[in-house]
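Below: the structure, in structure tokens.
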Amino acid sequence: MNNISFDILEAYYYHTNGVYDILEAYYYHINGVYDKGFPRLPPLVFDFTAEYLPLVLEIPKKGTKVAVIKYGSTVEIVFQGTNIVAGIDHPIHLHGTSFYAVGYGFGNFDKHKEPMTYNLIDPPLINTILVPQNGWATIRYRAAKPGVWFVHCHVERHLSWGMETVFIVTNGEGSDEKLLPSPPDMPPS
């Protein structure tokens, strides 16, 4: 996603006191497990639906960059399908919440034109959206569940390629808007 293959194996922190995953690292403020700053925009803007794509995009970077989202924020994400590595449709799934599918289209997403076509009256509430090959899909939701939420393509091969990332929703102000600690009988990572 955004030409960064999420390196799930790097998202574990091996320490003499144990192994920490992203959720534990966030909750206990352990550095070195993930990086903040998932890119808000693609690293290179080009014709995403072209038959031939820039060679620099053929091999994505590896990383553990996550998106940190403020509790209560309204989040809008545009997923753009491409031709990279024999593009196909991508069923993108977000754990921990449902979202509204407000827009779909073919071709390159145009930020000046496409939002005018969004369905803001009765969009479907779902947790997986199909991003068409050489097309786009837009979702919106309210970040109302603090925690660490996995977002990924549901095509297993694409998951193994790193077509995934993590959204961290920060704690809110109220006592019922905070991430709870792991239960004491939780199995280790």
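The structure displayed is predicted, hence computed values, not measured ones. Counting begins at 1 with the first residue of the sequence.
Summarising the geometry of G135 relative to Q80, their closest heavy-atom pair is O-NE2, 3.1 Å, with the distance given to 0.1 Å. Listed here is the closest heavy atom pair of P123 and A101: CB-O, 3.4 Å. In plain terms, the two heavy atoms of G96 and K145 that are nearest each other are O-CD, 2.8 Å. Closest approach of E24 and I30 over heavy atoms only: O-CD1, 4.3 Å. Residues F150 and E164 share a closest heavy-atom pair of CZ-OE1, 3.0 Å. Between H90 and C153, the shortest heavy-atom contact is ND1-SG, 3.5 Å.
Residues Y100 and E76 bring no donor and acceptor atom of their side chains to less than 3.5 Å of each other.
Note that CZ of F167 and CG of L94 are 6.0 Å apart. Values are rounded to the nearest 0.5 Å. How far CG of L179 is from CG of L23: 5.5 Å, rounded to the nearest 0.5 Å. In this structure, OG1 on T82 lies 7.5 Å from CG on N134, to the nearest 0.5 angstrom. Taken from OG1 in T49 to CD in Q133, the straight-line distance is 10.0 Å, to the nearest 0.5 Å. Taken from OH in Y71 to OG1 in T170, the straight-line distance is 9.5 Å, to the nearest 0.5 Å. To the nearest 0.5 Å, the span separating CG on N171 from CG on L180 amounts to 9.0 Å.
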Quiz item: Where do D47 and N108 land on the side-chain contact (heavy atoms from CB on, under 4.5 Å) test, with the steps shown first?
Solution: CA-CA 7 Å; D47 181 357; N108 293 308; 2.7 Å; yes

Quiz item: Under the side-chain contact (heavy atoms from CB on, under 4.5 Å) criterion, do V151 and V166 qualify, and how do the steps go?
Solution: CA-CA 6 Å; V151 58; V166 171; over 6 Å; no

Self-check item: V131 and D89: CA distance, side-chain angles, deciding distance, side-chain contact (heavy atoms from CB on, under 4.5 Å) verdict
Solution: CA-CA 6 Å; V131 179; D89 295 343; over 6 Å; no

Quiz prompt | side-chain contact (heavy atoms from CB on, under 4.5 Å) between E114 and T138, worked out | solution = CA-CA 10 Å; E114 309 304 357; T138 302; over 6 Å; no

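The aromatic rings of W136 and Y118 lie tilted to each other, with the angle between the two planes from 30° to 60°.
In F106, the CZ atom is not crowded: 12 or fewer heavy atoms of neighbouring residues, nucleotides or ligands sit closer than 6.0 Å. Heavy atoms of other residues, nucleotides or ligands lying less than 6.0 angstrom from NZ of K70 number 12 at most.
Taking the side chain as every heavy atom from C-beta outward, F99 and I126 approach each other to under 4.5 Å. Between V66 and W149 there is no side-chain heavy-atom pair separated by less than 4.5 Å. Between T128 and I92, the closest side-chain pair of non-hydrogen atoms is not below 4.5 Å. The side-chain heavy atoms of I129 and Y104, taken from C-beta on, include a pair separated by under 4.5 Å. By the 4.5 Å heavy-atom criterion applied to side chains, Y34 and I168 are counted as neighbours. D21 is not listed as a side-chain neighbour of V33, based on a closest heavy-atom distance of 4.5 Å or more. Between F79 and P132, every side-chain heavy-atom pair lies at or beyond the 4.5 Å cut-off.
For H95 and H152, the gap between ring centers is short of 6.0 Å.
A continuous path of hydrophobic side-chain contacts links V102 to F109 [ILVMFWY only; heavy atoms under 4.5 Å]. Hydrophobic clustering keeps L120 apart from V75 (ILVMFWY residues linked when any side-chain heavy atoms are closer than 4.5 Å, directly or through intermediates). With hydrophobic clusters built from ILVMFWY side chains whose heavy atoms lie under 4.5 angstrom apart, V155 does not share a cluster with L130.
Partner of Y141 under the side-chain contact (heavy atoms from CB on, under 4.5 Å) criterion, out of L125, T97, T74: T97 alone.
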